Each structure stands twice: as structure tokens, then as C-alpha cells.
Amino acid sequence: MLTRQLTLSLKRINRIELKPYANLFASVKPFSCRSEGNMTSVEESDVGIVCYISHLPGFRGILKQRYSDFIVNEVDLDGNVVHLTSLEAPSEIAEEKKDSLVDLLDKDYSPTIESFRALAGESDAEKLKDFINQIASGVNNHDEFILLSPCSDKSHRAAVHNFFKERLKLFVTDTIDGPDSVSKSVRVRLNSGSHSGSRRNSKKRKERGDKPYDSRGSDNWPENIGKFLRFHLYKENKDTQEALGLLGKMLGIQPRSFGFAGTKDKRSVSTQRVTVFKQRASRLAALNEKLIGIKVGNFCHVNDGLVLGQLQGNRFTITLRSVSAETEDIVKASATALGENGFINYFGLQRFGSSSIPTHLIGAALLRGEWKAAVSLILDPREGEKDVTRKIREYFKESGDVEGTLRQLPRHLVAERAILHCFRKCPGNYLQALLAIPRTLRMMFVHSYQSYLWNHAASMRVQKYGFHQVVLGDLVYCKEQEAEKELPSSHLECKDGSGCDTDVNYHLDDISLTDLSELRNTSVKVITEEDIVAGKYTIYDIILPLPGSRIIYPMNDIGEVYHELAKKDDISLIDSLHNTKEFSLTNMTGAYRQVFQKPKDFQWELLNYTDGNKPLAETDWDIISKSCAASFGRDSDEKEQIKLQTGCRSEANKFKNEVVLSPDTRETKSDREEDIQIDEPIGASKTPESQMALKLSFTLPASSYATMAIRELLKTSTSKVDLRGVIVSRLFISEGM
């Protein structure tokens with residue numbers, strides 16, 4: 001009976017015709033007429049997200065009541081789902097590290113120290129001697145250093161640096177600020193893999209400040225071992241940049257030393273691949289005992305590091321709690337429809353930021369060449385922002401005090417700090433200030449405007465022509481070049497592997513920045529009458545362009561949507577309004593994006609639960625912990641088994657109970673697991689009642705947003721509060737490049 005009902009529901013979906021929506025853009029105001037003052041965050045309709053595929057009524061559900069309700073596992077280029085399965089370092093690598101300490105013990109550094117005494121004096125020579133003896137004693141000092149006496153003579157400091165480069169290559173040196181404004185000190189630390197004599201690092205000394213030296217690996221690295229250590233990074237309730245920043249600090253290297261294919265959402269449990277240059281697996285494995293909410297494992301050495309975009313997609317395991325619908329059949333029919341029909345492949349809200357100033361508005365100002373306006377949009381006070389940050393913004397707007405603002409401004413506000421640092425050197429140079437923002441971040445503003453146009457065009461395509469078939473003038477990839485279509489890409493044209501810690505207002509979501517658009521242009525065609533008669537293409541072949549100089553637009557009404565919307569914002573898609581190529585669509589190649597997306601390997605199940613704190617899906621760490629406990633039970637006597645199992649549980653409990661402090665956040669248990677408050681219905685019983693949850697598992701390509709799939713399922717806005725007033729989740733996320 002149930003199967004028959006599901007079948008009838010799905011047939012009804014296909015019979016329903018969409019109503020005309022000719023006025024889709026009538027309410028879209030030009031940039032200059034919009035008022036951000038009353039906004040606390042961007043709404044879906046503001047960025048063109050207005051349609052659904054199915055006409056099922058939808059239902060209520062809570063996403064991310066716990067961060068473990070949103071599990072993301074990266075899918076590599078070979079289609080393998082990335083899991084954390086082992087925390088152990090390969091034995092042969094650990095043995096090779098031990099041999100290096102033996103070599104250190106065997107060498108006599110007395111003559112070298114005496115030569116250094118003649119150069120640097122008695123005090124510094126004794127410091128160096130004690131440091132070498134301490135290392136040779138077998139104590140692990142890889143993150144420790146010594147500071148030589150402050151010196152204002154630059155030539156003397158250069159002589160000291162050269163001495164270490166020529167005579168003591170087991171150490172690396174850099175210069176840091178001394179006790180006063182004119183003197184500086186040479187810092188000496190063990191070479192855990194130096195890039196001896198690297199000019200690249202020496203040029204960055206002033207920018208490094210008091211940060212540890214970013215060593216890039218030893219010159220005598222064994223030839224039989226790949227120069228990059230690849231490992232699986234497992235993290236809970238931390239974004240990728242935060243996790244890598246912590247690992248870098250513990251290893252004494254800069255976060256830029258790491259490579260990764262894409263960032264993952266903070267409020268989730270995720271596993272992804274990471275590479276780091278010339279580091280030993282044993283060093284990283286040893287960190288697991290100290291890390292909270294982070295684990296590293298599955299180590300191997302490879303010849304090349306990861307860069308943005310080197311992934312096929314992500315595997316999601318999503319649990320919707322407190323599911324409520326008129327009937328259970330609606331939930332089942334909706335889940336079935338999502339698996340069979342898919343969803344509109346919109347750019348999600350996180351693409352446009354989470355503040356009252358959407359990133360596409362900043363992008364529009366850049367495309368018009370309004371540099372001062374763009375800077376103001378980035379720096380000015382914002383509705384809905386934390387009071388402390390808002391007051392800092394207000395202080396700068398009223399006083400113009402660059403130095404005072406920089407002292408107060410949080411470091412995670414990367415764009416704002418970059419602009420102010422530039423103003424300190426070049427007051428009033430707005431274009432130069434914008435170019436001082438890290439490239440990945442500043443280009444995100446323009447990409448956001450491209451996404452804004454794409455979303456509106458996709459909505460018009462669905463409203464005007466439905467989702468049943470291709471129509472004359474649609475764009476598709478040529479079937480003859482289907483192999484090229486399967487190449488991983490993100491459909492955006494900025495290739496920039498540099499990572500940066502971005503403000504939550506500017507999510508660098510996991511849309512790959514690799515440029516394959518030129519390749520794609522050769523495989524795009526316009527649908528003709530012959531194609532329609534032949535039935536060669538389906539709706540899942542339809543693509544729409546992101547504006548650029550090398551794309552073509554649909555040869556039907558949808559092509560005009562782009563130009564009409566851009567015209568309202570005083571932007572031309574074919575001519576540049578200024579001479580700064582970086583902020584011009586005519587200097588970007590453009591790309592294409594699939595309009596309708598089907599989730600792959602789609603599975604779902606309904607669960608009943610009474611305890612809202614009980615996890616409903618297993619994470620990689622859960623599986624490792626179970627395996628650990630089972631292994632202890634087989635190999636230990638009863639007393640030892642209890643001891644070891646307790647230790648295993650204690651390690652697992654670190655994720656949930658300990659307080660984590662970081663430079664810019666103060667995170668407690670309430671932040672980590674229970675920070676979404678659920679409104680209880682009036683008169684609701686306090687006794688535990690059975691509730692329903694829907695668990696979904698599916699794979700999406702790197703360019704698609706899981707939140708858009710959930711939106712199709714629930715028929716609910718992905719903003720913080722849906723139209724029914726039910727808290728759905730903090731849906732401003734980055735879902736996986």
C-alpha cells in the first residue's frame with residue numbers, strides 16, 4: 001500500500017505544471033536603491049533562490065541540532081570516500097627520525113662553538129652550547145628555540161645568520177624584534193626541515209612578527225620518501241583553517257605550509273586529506289595526545305601537495321531531528337523524490353556571506369569601479385554583528401583612526417585588517433587597499449556577483465520552462481565529449497591555492513577555484529529542434545553560464561536575464577567600466593554550471609529516538625574508538641582491559657567535555673554541542689517522548705551545496721529561521737570543495 005502511495009505522489013509531481021513567473025525580477029531593486037540597514041542577513045529571495053522542483057508540501061525538521069548531525073567525508077579524485085581509520089605513524093619513518101638523533105650525538109661541535117664564541121661573544125656561545133647539549137641528551141625540543149643577545153647592527157646579524165647556514169645547518173635562524181625599537185634578536189631553533197638559505201622566507205621576516213619560523217623542509221630529505229606528507233584530518237566543530245592553524249602552531253610552521261583540496265564547514269564532523277611539506281608522520285601522530293576535537297592519521301608520503309579543487313566531491317551523512325509532518329508518508333515521499341528528481345543546483349546562502357552586507361553587493365561595487373564604496377561596504381558597521389565588533393567599526397567610521405582600530409580589530413577580520421594596513425601606508429588609496437586583500441578573498445566578492453546572476457537565471461529557467469524537458473535554446477555539454485564533463489571542476493575561474501583565515505561574514509565556501517572553463521567552452525552547444533526530436537538530452541544536461549568573456553548565453557529568454565539584472569546594477573557584461581582587469585568580467589573566462597543536480601548513492605531511513613543528546617550516526621572517531629575497545633578486550637586481562645578501555649573512553653570524551661581556548665574564540669561545551677535552542681511547543685510534556693529523525697546519506701560534486709538539497713526536501717528557507725518560525729539550523733556553512 002505504501003509503495004503505491006509513493007508512486008501516486010511522484011506521478012502527481014510530474015503532472016503539475018509550474019505557474020508563470022514573469023515578474024520574477026520585478027521586485028529586484030538595483031544596487032543603489034537597496035537598504036542594508038534593516039537587514040541582519042541575506043534572504044534567499046535576495047539572491048534568486050525562489051523555486052523548488054517537487055510540489056510535495058514539505059515538512060519540519062531541525063538540522064545541526066548537534067554538529068554530529070552533519071558529517072562530511074571528502075571524496076578524492078579516484079572516487080574514494082576519505083575516512084580516518086588509523087592514528088599510527090608508519091614505523092619506517094619513525095625509525096629514520098631516530099637515526100638522525102644518533103648522528104647528532106656522534107658529532108663533536110666544540111670547534112664550531114669556539115668559532116661562534118669569537119663571532120658572537122661568551123654569553124651567546126654558552127647559550128648555543130647548552131642548547132646543543134640539551135638536544136643531544138635526547139629531550140624533544142623541536143618546538144623550542146634560543147634568542148641571541150639583542151643587536152642593532154644589521155651586518156653583525158647577517159654574519160650570525162651566515163654562520164649558521166655554513167657551519168651549523170642543523171639549526172635555522174630568523175630575526176625578531178628586540179626589547180626596543182632599534183635592536184633585533186636572532187632566533188635559533190632546531191632544523192625540523194629547513195629550506196636553507198631560502199630568500200623567500202627572509203623577505204617575509206617583517207610580516208612574520210613573532211610567529212615561529214616557517215621551515216619548508218630539510219635539504220637532506222631522503223630521496224626514497226616523497227617530499228609531502230599526506231594525512232587525513234578529522235575534526236569536530238572546527239573549520240579547516242582553524243584546525244590547520246592549530247596544527248601549524250604546534251608544529252612550529254605557518255598554516256600556508258599545508259595543502260588541501262577544499263575547506264569544510266565548522267559546525268560538522270568532517271574528514272579530509274591534507275598535505276604538509278617535509279614533515280615526519282611521527283611528529284604529527286604525537287600531536288593526537290594533545291589535540292581536542294581534532295585527530296590526524298592515515299599517513300603516507302607523496303610527491304605532490306594538494307591544491308584547491310583536487311577532489312571529486314563530498315559524502316554527506318545528515319540527520320534531521322524532530323521531524324514533523326501531516327503524515328509519515330509525506331516524509332517518505334519527499335525523501336524518495338529528492339533521490340529520484342534531485343534539486344535545483346543553486347549557489348547556497350553561504351555563498352553570499354552571513355552578514356547584513358551580502359558579498360555580491362561588494363562584488364557589484366568592484367565591477368563598477370566604485371572603490372571607495374566597496375571599501376565602505378567592507379568596513380562600515382553592520383546590523384546583527386557582535387557588539388564589540390560593531391563598536392570597533394563605528395569607532396573607525398567616526399574617528400578615522402587606523403592605528404587605534406587595528407589594535408582592536410580581531411585578526412579573523414582579514415579583509416578589514418588588510419585594508420587598514422594599506423591605509424597606514426597609503427591613506428586614501430582605495431583601489432590599492434582592495435588589492436591588499438588576499439586574492440582568494442577579494443575575488444570571492446566578484447564570484448559572488450556571478451553566482452547572484454546565475455541563481456536568478458536558474459529560477460527563471462525553472463519558472464518559465466519547468467523541469468520536465470530541454471527546450472530550444474538551452475545550453476548543454478556535447479555528448480561526444482562526455483568524458484570531459486566528468487572532469488572535476490568547480491566552475492569558477494580563479495585558481496589560487498593560498499589559504500586565509502576568513503571572517504565568518506565572508507565564507508570561502510568549498511567551490512573549487514580551478515579554471516577549467518576554457519576546456520568546457522569547447523564542449524558546450526545550444527539545443528536545436530533536431531536535438532529535441534532525437535531526445536538525446538535530459539534536464540540533467542542543462543547548464544547555465546557564469547558571466548565571463550569566453551562563455552555563451554542561452555539562445556532563449558533566459559539569456560536576457562543576465563543582461564537585465566546586470567543593467568539594474570549599472571554593470572555591463574560585455575564592456576569594462578574601468579581599467580582594473582582583476583575586477584572586470586571581461587577579463588574573466590567565465591564557466592558553466594549544471595542547473596539540476598541529482599545526489600549520488602542516495603540512501604535514507606527514518607529513526608525513532610527519545611534522547612536528543614544521543615548521536616544517531618557514527619563518525620570515523622566512533623568507529624576507531626569501538627575498534628580500540630574491542631582490541632583491548634581481546635588482548636588484555638580483565639584488570640588491564642578496564643584500565644585501557646577507560647583510557648580510550650577518556651580520549652574520546654576530550655571531544656565533548658573539555659574547554660577549548662583559541663586566540664580569537666572562547667569555546668565551551670555549550671558552544672560545541674548544544675548551542676541551538678529548540679522552542680518547545682506550549683504545553684509540551686517534559687517527559688521524554690519518542691521523536692522521529694530522518695537520516696540521509698548522499699554524495700554531491702564539489703560545486704554543489706547540501707543545504708540546497710535539504711531546502712528541496714523541507715520546502716523551507718535555509719536562513720536561520722524558516723517562514724513557519726521554526727528554528728531549522730545555522731545553515732550558513734561551507735560544504736565541501
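Values in this document were obtained by computation on a predicted structure and should not be read as measured data. Scope of the values below: all heavy atoms of this structure, side chains included, with no hydrogens, waters or symmetry mates.
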> Output, in order, the C-alpha distance, side-chain angles, deciding distance and verdict of side chain to side chain contact (heavy atoms under 4.5 Å, CB included) for Met588 and Val446.
CA-CA 10 Å; Met588 298 180 181; Val446 178; 3.2 Å; yes
> Would you check, one step at a time, whether the test salt bridge (charged side-chain N to carboxylate O under 4.0 Å, His left out) holds for Asp569 with Arg368?
CA-CA 9 Å; Asp569 286 333; Arg368 287 194 301 272; 5.1 Å; no
> Angle between ring planes, Tyr449 versus His360, binned at 30° and 60°: parallel, tilted or perpendicular?
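Ring orientation of Tyr449 relative to His360: parallel.
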> Show your reasoning for whether side chain to side chain contact (heavy atoms under 4.5 Å, CB included) applies to Asp474 and Arg461.
CA-CA 9 Å; Asp474 276 338; Arg461 171 61 180 77; 2.9 Å; yes
> Report the distance from atom CZ of Phe316 to atom CZ of Phe698, rounding to the nearest 0.5 Å.
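Rounded to the nearest 0.5 Å, the CZ-CZ separation comes out at 6.0 Å.
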> Could you tell me whether the side chain of Val524 reaches within less than 4.5 Å of the side chain of Tyr477, counting heavy atoms only?
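Counting from C-beta outward, Tyr477 and Val524 do come under 4.5 Å.
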> Got a donor-acceptor contact below 3.5 angstrom from the Tyr465 side chain to the Ile558 backbone?
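No, the answer is negative, given that no donor and acceptor are paired below the 3.5 Å cut-off.
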> Write down the atom of Tyr553, the atom of Gly548, and the distance for their closest heavy-atom approach.
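Where Tyr553 meets Gly548 most closely, the heavy atoms are OH-N, 4.4 Å.
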> Under the 3.5 angstrom rule, does the side chain of Gln310 hit a backbone N or O of Leu77 as a donor-acceptor pair?
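Side chain of Gln310 to backbone of Leu77, a donor-acceptor pair under 3.5 Å: no, none is there.
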> Work out which heavy atom in Leu573 is nearest to a heavy atom in Pro547; give both atom names and the distance.
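Closest heavy-atom pair between Leu573 and Pro547: CD2-CB, 4.3 Å.
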> Judged by atom type as modelled, is there a donor-acceptor pair below 3.5 Å linking the side chain of Tyr346 to the main-chain atoms of Cys51?
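Yes; judged by distance alone, with no hydrogens or angles, the pair exists.
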> Nearest 0.5 Å, please: how far is CG in Leu413 from OG1 in Thr389?
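With rounding to 0.5 Å, OG1 (Thr389) is 6.0 Å from CG (Leu413).
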> Going by heavy atoms in the side chains, are Pro358 and Asp46 under 4.5 Å from each other?
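No, every pair of side-chain atoms sits at 4.5 Å or beyond.
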> Could you check whether any side-chain N or O of Tyr705 sits under 3.5 Å from a backbone N or O of Leu349, counting only pairs where one atom can act as donor and the other as acceptor?
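Flag not set: sc Tyr705 to bb Leu349 has no pair under 3.5 Å.
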> Taking Arg442 for its side chain and Ile437 for its backbone only, find out whether a donor-acceptor pair lies under 3.5 Å.
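Such a contact is found between Arg442 side chain and Ile437 backbone.
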> Considering all heavy atoms of both residues, which atom of Arg393 and which atom of Pro381 are nearest to each other, and what is their separation?
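Closest heavy-atom pair between Arg393 and Pro381: CD-CA, 3.6 Å.
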> Would you say Phe445 and Phe583 make side-chain contact, with heavy atoms under 4.5 Å?
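Side-chain contact under 4.5 Å: no.
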> What I'd like to find out is whether the side chain of Phe352 reaches to under 4.5 Å of the side chain of Asn455, using heavy atoms alone.
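Yes, their side chains come closer than 4.5 Å.
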> Distance check, rounded to the nearest 0.5 Å: Ile574 atom CD1 versus Tyr562 atom OH?
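With rounding to 0.5 Å, CD1 (Ile574) is 15.5 Å from OH (Tyr562).
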> Indicate the atoms forming the closest heavy-atom contact of Leu56 with Ala337, along with that distance.
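The answer is CD1-CB, 4.0 Å.
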> Step by step, work out the side chain to side chain contact (heavy atoms under 4.5 Å, CB included) result for Asp265 and Val72.
CA-CA 8 Å; Asp265 179 32; Val72 186; 5.7 Å; no
> What's the separation between atom NE2 in His456 and atom CE in Met460, rounded to the nearest 0.5 Å?
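CE of Met460 is found 10.5 Å from NE2 of His456.
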> Determine the sole option in Arg273, Arg315, Gln312 for which the side chain to side chain contact (heavy atoms under 4.5 Å, CB included) test with Glu74 is passed.
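Between Glu74 and the candidates, side chain to side chain contact (heavy atoms under 4.5 Å, CB included) is satisfied uniquely by Arg273.
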> Any side-chain heavy atom of His578 within less than 4.5 Å of one from Ser584?
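Sidechains of Ser584 and His578: in contact.
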> Assess the residue pair Lys479 and Asp541 against the criterion (salt bridge (charged side-chain N to carboxylate O under 4.0 Å, His left out)); give the C-alpha distance rounded to whole Å, side-chain angles, the decisive distance to 0.1 Å, and a yes or no.
CA-CA 9 Å; Lys479 290 289 186 180; Asp541 295 310; 3.3 Å; yes
> Distance-only, no hydrogens or angles: does the Asn73 side chain make a donor-acceptor pair with backbone N or O of Val81 under 3.5 Å?
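Such a contact is absent between Asn73 side chain and Val81 backbone.
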> Taking the side chain from Ser324 and the backbone from Arg60, do they hold a donor-acceptor pair closer than 3.5 Å?
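Checked: no pair found.
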> For Ala261, is there any backbone N or O sitting under 3.5 Å from a side-chain donor or acceptor partner on Gln272?
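Here the side-chain-to-backbone pair does not exist.
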> Evaluate Lys332 against Trp604 for side chain to side chain contact (heavy atoms under 4.5 Å, CB included), listing each step before the verdict.
CA-CA 9 Å; Lys332 294 177 178 178; Trp604 63 271; 3.7 Å; yes
> Taking side chain to side chain donor-acceptor pair (under 3.5 Å) as the criterion, tell me which of Thr240, Thr271, Asn314, Asp239 meets it with Lys264.
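The single option meeting the side chain to side chain donor-acceptor pair (under 3.5 Å) with Lys264 is Asn314.
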> For the NZ atom of Lys598 and the NZ atom of Lys600, what is their distance to the nearest 0.5 Å?
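Taking NZ in Lys598 and NZ in Lys600, the distance rounds to 11.5 Å.
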> Between Phe343 and Tyr52, is any pair of side-chain heavy atoms under 4.5 Å apart?
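A side-chain contact is absent here, since even the closest heavy-atom pair is not under 4.5 Å.
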> Are Lys464 and Asn556 close enough that a side-chain donor and a side-chain acceptor fall under 3.5 Å?
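Judged by distance alone, the side chains do not pair up.
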> Does any part of the side chain of Leu585, heavy atoms only, come nearer than 4.5 Å to the side chain of Leu367, both counted from C-beta?
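The answer is yes; the side chains approach within 4.5 Å.
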> Measure the NE2-CD1 distance between His468 and Ile53 for me, rounded to the nearest 0.5 Å.
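Between atom NE2 of His468 and atom CD1 of Ile53 there are 10.5 Å.
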> Looking at every heavy atom in both Ile344 and Met708, which two are closest together, and how far apart are they?
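Here Ile344 and Met708 meet closest at O-CB, 4.1 Å.
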> Measure across Ala415 and Ile378 and return the closest heavy-atom pair with its distance rounded to 0.1 Å.
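Closest approach of Ala415 to Ile378, heavy atoms only: CB-CG2, 4.2 Å.
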> Using modelled atom types only, decide if a donor and an acceptor are shared between the side chain of Ser268 and the backbone of Ile71 within a distance under 3.5 Å.
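Absent.
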> May I ask you to test the Leu714-Leu63 pair for a side-chain heavy-atom distance under 4.5 Å?
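Not touching, per the 4.5 Å side-chain cut-off.
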> Could you check whether Lys715 and Ser54, counting side-chain N and O atoms only, form a donor-acceptor pair closer than 3.5 Å?
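Checked: Ser54/Lys715 side chains pair up, N/O donor to acceptor below 3.5 Å.
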> Has Arg593 got a side-chain atom pairing as donor or acceptor with Leu544's backbone, closer than 3.5 angstrom?
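No, Arg593 side chain to Leu544 backbone: no donor-acceptor pair under 3.5 Å.
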> Would you please name every residue forming a side chain to side chain contact (heavy atoms under 4.5 Å, CB included) with Asp531, sequence neighbours left out?
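Testing Asp531 for side chain to side chain contact (heavy atoms under 4.5 Å, CB included), a comparison that skips the adjacent residues, returns Lys525, Ile527, Thr528, Tyr537.
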